[in-house]
Amino acid sequence: MEYKINTIGVLTSGGDAPGMNAAVRAVTRAAICNHIRVKAIFRGYKGLIDGEVKEFSSQDVSGIIQRGGTIIKSARCPEFQTPEGRQLAYQTLQREQIDALIVIGGDGTFTGARLFAQEFNVPVIGIPATIDNDLWGTDATIGYDTSLGTIMECIDKLRDTATSHERVFLVEVMGRDAGFLTLNAAIAGGCEAAIIPERASVKEQIEDAIGNGRRKSKNSAIVLVQEHAIEGGANAVAKMIEQEHPEYSTRVTILGHLQRGGTPTASDRILASRMGVAAVQALLDEQRNVMVGVQNEEIILVPLTKAIHQKKDVKEDKWQAMLTLSI
Ligand code: ADP
């Protein structure tokens, strides 16, 4: 189908991630460079429904590349999951004469975008921004590297106090259904164990961790727990350890939203900048319903359906490295 894109809408949605601003900046400036107007949609799909839209100039995205969070705000929007909500969203596009959408977010954002694109025949491009790095088809998502660094710093600080006492420190890490953030942070932080949803029974993982610690005669340990590996998260693991191994005293730290904050790393800023430019180029190339990804340093396009539905695997060598190096 022949179509000409004069105006792009850009939004950030779902969980915020450091580097989203760099992506908004890149989309805005790449569009303007190609003589396309850009309209920022505030508060994700909520703003699309409510018509919270503002045209952006190059100056509107000045001085934001280093800022965490998202200046155009994000939101969870249950109304967009209803046909009536999406109809209202489409009316905003028509009223604002927006021809295509670039959505910056994660799995949920893309699920909504795909549905919307199908229903109203709107070209949509996704830019993966989530600290979870759980989208198939891309080696990295915007925000992941920054979050990993933040978690690692927290572990380093906890290590100082952990080695001063004989305790098991349990640190709860975000990640929705995926253990990438937890496992990689465990490697980077030199942790004794990581409990992630991709591995068998949590009980077994705990016994392994305790067994390893004993064999290696360690008197303190830091164990990362992915928030959804077990109902109740790190607190539930602490309870299990104290019941089964009363000789160990436990301390729980829930990093929570700290993990989303902070100034984006160089790596996230570069990724966001490349992906933003590539998303605009994809629209110029008449692509639609794809996610921009990066594989082996190359920018690629992945069908949204695949990015959402295919499962990304935890690399076995990383799991083995974490176990091997915890002596
Ligand atoms: P993320 O994009 O970080 O995974 P969410 O899962 O919260 O975040 O999704 C962001 C938004 O995407 C939701 O608030 C909702 O508006 C929209 N969304 C998620 N799932 C669907 C769906 N199945 N149908 C339509 N919209 C959806």
Side-chain angles (χ1 to χ4, degrees), residues 9-21 23-24 27 41-53 68-70 72-93 101-122 124-138 140-147 173-181 197 226-228 256-257 259-261 264 268 271-272 275-276 279 289-293 302-312:
V10 62
L11 60 81
T12 51
S13 155
D16 62 298
M20 278 181 160
N21 281 327
V24 171
V27 167
I41 297 152
F42 286 73
R43 295 182 176 77
Y45 294 130
K46 184 164 181 347
L48 195 56
I49 290 173
D50 297 344
E52 219 183 323
V53 177
T70 160
I72 58 172
K73 315 282 184 196
S74 186
R76 314 256 185 210
C77 176
E79 206 183 344
F80 196 71
Q81 301 197 20
T82 66
E84 297 77 22
R86 292 192 295 275
Q87 180 66 46
L88 287 172
Y90 183 61
Q91 285 169 14
T92 300
L93 287 194
L101 269 184
I102 295 180
V103 297
I104 305 169
D107 186 71
T109 299
F110 294 170
T111 305
R114 199 179 126 256
L115 206 56
F116 187 65
Q118 281 170 346
E119 285 173 344
F120 299 101
N121 198 24
V122 177
V124 170
I125 308 289
I127 296 182
T130 158
I131 63 166
D132 305 337
N133 197 20
D134 57 351
L135 287 158
W136 186 89
T138 187
T141 56
I142 297 164
Y144 174 64
D145 186 63
T146 305
S147 182
V173 175
M174 282 181 170
R176 208 191 288 249
D177 304 325
F180 305 109
L181 200 53
Q226 201 273 10
E227 58 182 346
H228 295 132
H257 287 77
Q259 295 162 88
R260 291 194 185 284
D268 273 331
L271 186 67
M275 286 180 162
N289 306 344
V290 290
M291 174 191 83
V292 179
V302 183
L304 277 181
T305 321
K306 279 196 172 177
I308 299 163
H309 293 303
Q310 301 223 25
K311 188 131 182 73
K312 196 170 184 175

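Counting starts at 1 for both ligands and their atoms, following the listed order. Just so it is clear, the values below take in all heavy atoms, side chains as well, and ignore hydrogens, waters and symmetry mates. Because the structure is predicted, anything quoted here is derived from the model rather than measured.
With a 4.0 Å heavy-atom cut-off, ligand 1 is reached by the side chain of R176 but not by its N, CA, C or O. The side chain of T111, and not its backbone, has at least one atom closer than 4.0 Å to an atom of ligand 1 (non-hydrogen atoms only; side chain from C-beta on). Contact annotation for L115 and ligand 1: only side-chain heavy atoms (C-beta onward) come within less than 4.0 Å of the ligand. At a heavy-atom cutoff of 4.0 Å, ligand 1 is contacted by both the backbone and the side chain of F80.
Protein heavy atom nearest atom 7 (O) of ligand 1, with residue, atom name and distance: R76 NH1, 2.6 Å. Here the protein heavy atom with the shortest distance to atom 18 (N) of ligand 1 is G108 O, 3.3 Å. Scanning the protein for heavy atoms near atom 2 (O) of ligand 1, the closest one is T109 OG1, 2.5 Å. Here the protein heavy atom with the shortest distance to atom 25 (C) of ligand 1 is G112 CA, 3.5 Å. Of all protein heavy atoms, the one lying nearest to atom 14 (O) of ligand 1 is C77 N, 2.6 Å.
Scanning both residues, L48 and I41, for their nearest heavy atoms gives N-CG2, 3.4 Å. Smallest separation of non-hydrogen atoms from I131 and Y144: O-CD1, 3.2 Å. Shown here for A279 and I127, the closest heavy-atom pair between the two residues is CB-CD1, 3.8 Å.
Close approach of ligand 1 to G15 is summarised as follows: ligand atoms under 4.0 Å from at least one heavy atom of the residue are 3 (O), 8 (O).
One option in S13, A75, A17 has a heavy atom closer to atom 10 (C) of ligand 1 than any other, and that option is S13.
No more than 12 heavy atoms of other residues, nucleotides or ligands sit less than 6.0 Å from atom NZ of K73.
Not a single N or O atom of G14, backbone or side chain, sits closer than 3.5 Å to an N or O atom of ligand 1.
From L88, atom CG reaches atom CG of L93 across 11.5 Å, with rounding to the nearest 0.5 Å. In this structure, CG in L101 is found 11.5 Å from CZ in F120, a value given to the nearest 0.5 Å.
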Any chance you could lay out the salt bridge (Lys or Arg N to Asp or Glu O under 4.0 Å) test for E119 and R86, step after step, and finish with the verdict?
CA-CA 9 Å; E119 285 173 344; R86 292 192 295 275; 2.7 Å; yes
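For the pair K312 and F180, the distance from NZ or CZ to the six-membered ring centre is under 6.0 Å and the angle to the ring normal is within 45 degrees.
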